[in-house]
Amino acid sequence: MLGVSAAVARHYEQALGLRGAGAAQPGARALAVRPAPAASAASDGFSVVVPGRLVHEKGHADFLQALAMLRAQSRRLSVTLAGHGPLRATLEQQIGQLGLADGVAITGALSHAQLLDVVEAASLVVVPSRFEGFGLTALEAMALGRPVLATTAGGLPEGDRARCLRLAGAAAKTRRCWPRPSRNQWTTPLRQRLGAAARLRAQQHFSLPAVAARLRKIYRHL
């Protein structure tokens, strides 16, 4: 049996009593449709994008809580929740209650191409998932040359063990890693370096040819 990540394979083994479950991570479609990433966002603004369906496991509520706790550092940020889902009304209510209505927007349903446009325009992509099989949205952002701040839920660390920054699970602990443009911690050159490293990682390990080679190896073994 194959899972989309080593984390999922371990879950199969534990939950189903299996032995020898393997992993076959997916590829990044963005590499095929966007051969070259766009330039990083301008230094006079800082935009954060959180891509994904508006459902419990994606952790949007945790992200908004963290954003409210860090309001003093976040006033210069433009935040976009890029997606749709059953929790939209709940999240809109939370945004209002936390006093974030002037800086947080929800796009609603987007096509894959539209989602790539939104992510490609971001200064930083945040993936605050509570549960995640692999984390394709984080990988797509990496393929587009964007720095990613993510939790370590499920298979997310497998996308980029070295360069995917860690977002603490509890909102109160995000102070140590949250971008503070006013302190010049997330300069354009730094974002460009992180984005270039993420793009290289995606190209080397998650291009469609690389994924196909891994699958052929698995099939030959079987």
Side-chain angles (χ1 to χ4, degrees), residues 4-5 8 24-42 45-64 67 77-95 100-101 103-151 153-156 158-160 164 167 191 194-196 198-199 201-203 205-212 215:
V4 295
S5 66
V8 170
Q25 292 96 344
R29 290 172 56 197
L31 289 171
V33 299
R34 302 288 172 97
S40 296
F46 199 99
S47 59
V48 176
V49 170
V50 185
R53 293 189 66 238
L54 307 182
V55 292
H56 169 79
E57 58 266 30
K58 297 301 183 182
H60 294 90
D62 297 334
F63 169 77
L64 292 174
L67 194 65
L77 303 180
S78 169
V79 178
T80 300
L81 307 187
H84 69 105
L87 290 186
R88 176 164 184 166
T90 301
L91 293 173
E92 288 176 335
Q93 183 179 27
Q94 183 183 9
I95 289 168
L100 300 173
V104 180
I106 300 177
T107 65
L110 297 171
S111 68
H112 183 247
Q114 289 172 327
L115 178 61
L116 294 184
D117 287 339
V118 172
V119 170
E120 200 166 29
S123 305
L124 175 70
V125 175
V126 177
V127 183
S129 299
R130 297 170 175 175
F131 314 101
E132 196 69 69
F134 174 67
L136 195 55
T137 54
L139 177 58
E140 295 273 68
M142 290 166 54
L144 294 172
R146 293 297 172 262
V148 176
L149 181 66
T151 64
L156 274 168
E158 297 174 38
D160 194 349
C164 186
L167 177 68
R191 298 200 307 269
L194 291 172
R199 169 83 175 181
R201 166 75 175 173
Q203 288 174 322
H205 297 276
F206 299 101
S207 66
L208 298 185
V211 170
L215 287 174

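Values below: all heavy atoms of this structure, side chains included; hydrogens, waters and symmetry mates excluded. When a residue number appears, it is its place in the shown sequence, counting from 1.
- Remark: Ala196 engages no residue in a side chain to side chain contact (heavy atoms under 4.5 Å, CB included) (not counting sequence neighbours).
- The main-chain N or O of Met142 is never found under 3.5 Å from a side-chain atom of Arg201 such that the two would form a donor-acceptor pair.
- Closest non-hydrogen pair, Leu139 versus Pro26, comes out as CD2-O, 3.9 Å.
- Among residues two or more places apart in sequence or in another chain, the side chain to side chain donor-acceptor pair (under 3.5 Å) test is passed with Arg88 by Glu92.
- No side-chain heavy atom of His84 sits under 4.5 Å from any side-chain heavy atom of Thr107.
- In terms of heavy-atom proximity, Ala30 sits nearest to Ala143 at CB-CB, 3.9 Å.
- Across all non-hydrogen atoms, the minimal contact from Gly133 to Val8 is O-CG2, 3.5 Å.
- For the residue pair Ala141 and Val148, the shortest heavy atom distance occurs at CB-CG2, 3.8 Å.
- Arg130 is linked by a salt bridge (charged side-chain N to carboxylate O under 4.0 Å, His left out) to Asp62, counting only residues two or more places apart in sequence or in another chain.
- Leu194 contributes atom CG, which lies 16.0 Å from atom CZ of Arg199 (distance to the nearest 0.5 angstrom).
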### Task
Kindly indicate, with the supporting measurements, whether the criterion side chain to side chain contact (heavy atoms under 4.5 Å, CB included) is fulfilled by Val48 and Phe63.
CA-CA 11 Å; Val48 176; Phe63 169 77; 4.3 Å; yes

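- The closest side-chain heavy-atom distance from Leu208 to Leu31 is not below 4.5 Å.
- Listed for the Ser47 side chain is no donor-acceptor partner under 3.5 Å among the backbone atoms of Ser78.
- Pro51 has its side chain within reach of Val125: a pair of non-hydrogen atoms, C-beta onward, lies under 4.5 Å apart.
- Nearest heavy-atom pair, Leu136 versus Gly27, reported as atom, atom and distance to 0.1 Å: CD1-O, 3.6 Å.
- Between the side chain of Thr151 and the backbone N or O of Ser129 there is at least one donor-acceptor pair closer than 3.5 Å.
- Rounding to the nearest 0.5 Å gives a distance of 10.0 Å between CG of Leu110 and CG of Leu116.
- A pairwise comparison of heavy atoms in Gln25 and Ser5 identifies CG-CA, 4.4 Å as the closest pair.
- For the residue pair His60 / Gln94, no side-chain donor-acceptor distance below 3.5 Å is found, with atom types taken as modelled.
- Side chain of Glu57 to backbone of Phe131: no donor-acceptor contact under 3.5 angstrom is found.
- Residues His112 and Glu140 have side chains in contact (heavy-atom distance under 4.5 Å, counting atoms from C-beta outward).
- Arg53 places no side-chain N or O within 3.5 Å of a backbone atom of Gly83 that could act as its donor or acceptor partner.
- For the pair Ile106 and Ile95, the minimum side-chain heavy-atom distance is below 4.5 Å.
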